[in-house]
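Everything on this sheet refers to the single structure shown next.
Heavy atoms only: backbone and side chains are in, while hydrogens, waters and symmetry mates are out. Whatever order the structure lists ligands and atoms in, that order sets their numbers, starting from 1.
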Amino acid sequence: MTKEKVKNVIDPWGSDLPEDYKEIAKKFGLEKFNLSDFPDPNVLMSRGVIFAGRDLKRISNCIKSKKKFYALTGIMPTADKVHFGTKSVIDTMVYFQKHGAECYVLVADLEAAATRGVSLQVAQKRALEIHIPCYIALGLDPKKTKFYFQSENNDVRNLSFILSNKATLNEYKAIYGNPEPSRIMASVLQVADILHPQLKHLTGKVPGIVPIGIDQDPHMRLSRDIAARSKDPSFISPSSINFKFLPSLTGNMKMSKSEGNSLYLLDSDEEIKNKVSKALTGGQKTLEEQKKKGGNPDKDMLFELFKQHLILDDKELEKRRNDYRNGKILDSENKKYAIALLTKFMEDFRKKYESAKKQVSKMF
Ligand code: TRP
């Protein structure tokens, strides 16, 4: 039986994550990410975690010639914790903020209500107590970031109604497969999220970029089609920039928001120890064998963490990879090091989170 490698339709609300990034990029017409387009790249860019996008040159030009642009992302508050993978998105928002972007972060409370049955009250509480403070703790400047709730933004809701006549049911089915009314509502709302900063009274006609995992690409395709089709000349097709997913520590590529072996930003020291000790490594079956043959850092979830989040110095990372390959570093040592780095990161993060939480309580 031949297994279809990449399906024709990506379901943003499903749990299967695509694994073959090259095929995905080809199938859906993503551009390859070009490192030289982005000055002072972050490690996600320079280490290939960011691998593709749409209309990236447009944003690169804005950065290089200091023209106005915006960066926007959104979170569905379906859990009362923030997955470590979300850190990549926020790190990249911070990158764009430092390079001149006007930043928008929205809480997709209406989407969560329609597609996941989360009440607006619960969503709001989670966003104010957990998600938004975590994002600020990761480095987003609250003074330069516009946070909003879908349920409270009239510009966005009005725009979603107005733009809803720019798409057909057949187009919707071709992009998403499943045309449940709740999904249609959520998608058109997301299109409005993505395009609304281009409304004249906000930023005017300016390019924008949306950092996202591939699961959200269908929304980009719809947004770009609608922007192109809209008679309103104020819209420019939005750009996107895509990440590879952070697998869970046990190597699971399923959407890991509800999975026990994923790391979360406010995990306790105990949880860190537990999760890291069970991590999937690239080591050999026995200690002897590993000393002789070495391990494979490319199949090792700890190296994935080092690469995306914990070791920012390229030379240090390269040395550790080599030492692991040569059998000089064993799994036990790697785990100890990962626990030490994570514990240190969390200690610092918790402090920033507590102070951000106080700030947020005054902001809304
Ligand atoms: N659909 C996104 C999610 O599942 C949330 C979201 C809503 C979003 N509007 C957005 C993301 C606009 C990026 C841009 O998490």
Margin query: Between D109 and Q124, do the side chains contain a donor N or O and an acceptor N or O under 3.5 Å apart?
Written below: no
Check each atom of ligand 1 against the heavy atoms of [X] and keep those under 4.0 Å away; list them by number with element.
X	answer
E111	1 (N), 2 (C), 4 (O), 5 (C), 6 (C), 7 (C)
A108	5 (C), 7 (C)
M76	4 (O), 15 (O)
V210	13 (C), 14 (C)

Check: Looking only at heavy atoms, which two atoms of S237 and R224 are closest? And how far apart?
Finding: OG-O, 3.4 Å
Item checked: Listed once per pair and sorted, the ring pair (Phe, Tyr, Trp, His ring centres under 6.0 Å) pairs that draw on residues 113-147, sequence neighbours left out -> none
Notebook entry, point to check: At a non-hydrogen distance cut-off of under 4.0 Å, which region of L72 contacts ligand 1 (side chain, backbone, both, or neither)?
Noted result: side chain
Note to self: Going by the rule side chain to side chain donor-acceptor pair (under 3.5 Å), which residues pair with E129 if we only count those two or more places apart in sequence or in a different chain?
What the structure shows: K125
Checklist line | Sub-3.5 Å N/O-N/O distance, H219 and ligand 1 | finding: no
Next item on the list: Return a yes/no value for Q190: is any of its N or O atoms, backbone included, closer than 3.5 angstrom to an N or O of ligand 1?
Entry: yes
Check: Is any side-chain N of the basic residue among E23 and K26 closer than 4.0 Å to the acidic one's carboxylate O?
Finding: yes
Margin query: Can you tell whether the side chains of K335 and D331 come within less than 4.0 Å, N to carboxylate O?
Written below: no
